[in-house]
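To start, the structure itself, in structure tokens.
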Amino acid sequence: DEKEGAFGNIIFWNGLVTAIGFLLTAKVRCAEVGTYCIQYKDGSLHDVLLYEVLVLASAALAIGSFWRVSCLRKQEERRVMESRFSIDQHLL
């Protein structure tokens with residue numbers, strides 16, 4: 001129902017995540033190559049564990065959010081059906 005608000009929300013979060021990713025790429029470094037420390041083509045070393053944790057956390061939040069929205073939608077549909085039923089009962 002609020003397409004402009006939804007679009008603005010997507011743009012905001014996309015911009016925020018892009019900025020965070022850019023800053024992490026520039027700032028999160030490590031001393032030597034290891035399991036979570038990889039060497040980029042330019043020779044710089046980067047700790048990728050933080051990226052992996054952020055991806056997993058955001059995926060878990062997204063799944064939880066979709067579940068919550070699903071529950072709220074079902075609750076709203078039941079409320080609408082019950083209100084229609086009570087209006088029909090009142091008219092009889």
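Because only heavy atoms are used, hydrogens play no part in the values below, and waters and symmetry mates are left out as well, while side chains stay in.
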Residues joined to Leu56 in its hydrophobic cluster, side chain to side chain under 4.5 Å directly or through other members, sorted by chain and number, are none
Residue pairs passing the side chain to side chain donor-acceptor pair (under 3.5 Å) test with at least one member in residues 45-68, sequence neighbours excluded, are Thr25-Tyr51, Ser44-His46
Tracing side-chain contacts under 4.5 Å among Ile, Leu, Val, Met, Phe, Trp and Tyr outward from Leu72 reaches none
Next item on the list: Kindly indicate whether the side chain of Val33, heavy atoms from C-beta on, has any atom under 4.5 Å from the side chain of Ile38.
Entry: no
- Report yes if the side chains of Leu24 and Leu54 come closer than 4.5 Å at any heavy-atom pair, otherwise no. yes
So NZ of Lys27 and CZ of Phe22: to nearest 0.5 Å the spacing works out to 9.0 Å
Notebook entry, point to check: Taking it one step at a time, do Arg73 and Glu76 satisfy salt bridge (charged side-chain N to carboxylate O under 4.0 Å, His left out)?
Noted result: CA-CA 5 Å; Arg73 186 174 191 151; Glu76 178 68 16; over 6 Å; no
So the disulfide bond (SG atoms under 2.5 Å apart) pairs with at least one residue in residues 32-64 (sequence neighbours excluded) are Cys30-Cys37
Show every donor-acceptor pair shorter than 3.5 Å between a side-chain atom in residues 6-21 and any protein atom, with sequence neighbours excluded, or say none if there are none.
{"from": "Asn9", "atom 1": "OD1", "to": "Trp13", "atom 2": "NE1", "distance (Å)": "2.8"}
{"from": "Thr18", "atom 1": "OG1", "to": "Asn14", "atom 2": "O", "distance (Å)": "2.8"}

Those residues at least two apart in sequence (or on a different chain) that pass salt bridge (Lys or Arg N to Asp or Glu O under 4.0 Å) with Arg78 are none
Applied to residues 31-41, the side chain to side chain donor-acceptor pair (under 3.5 Å) test, sequence neighbours excluded, yields none
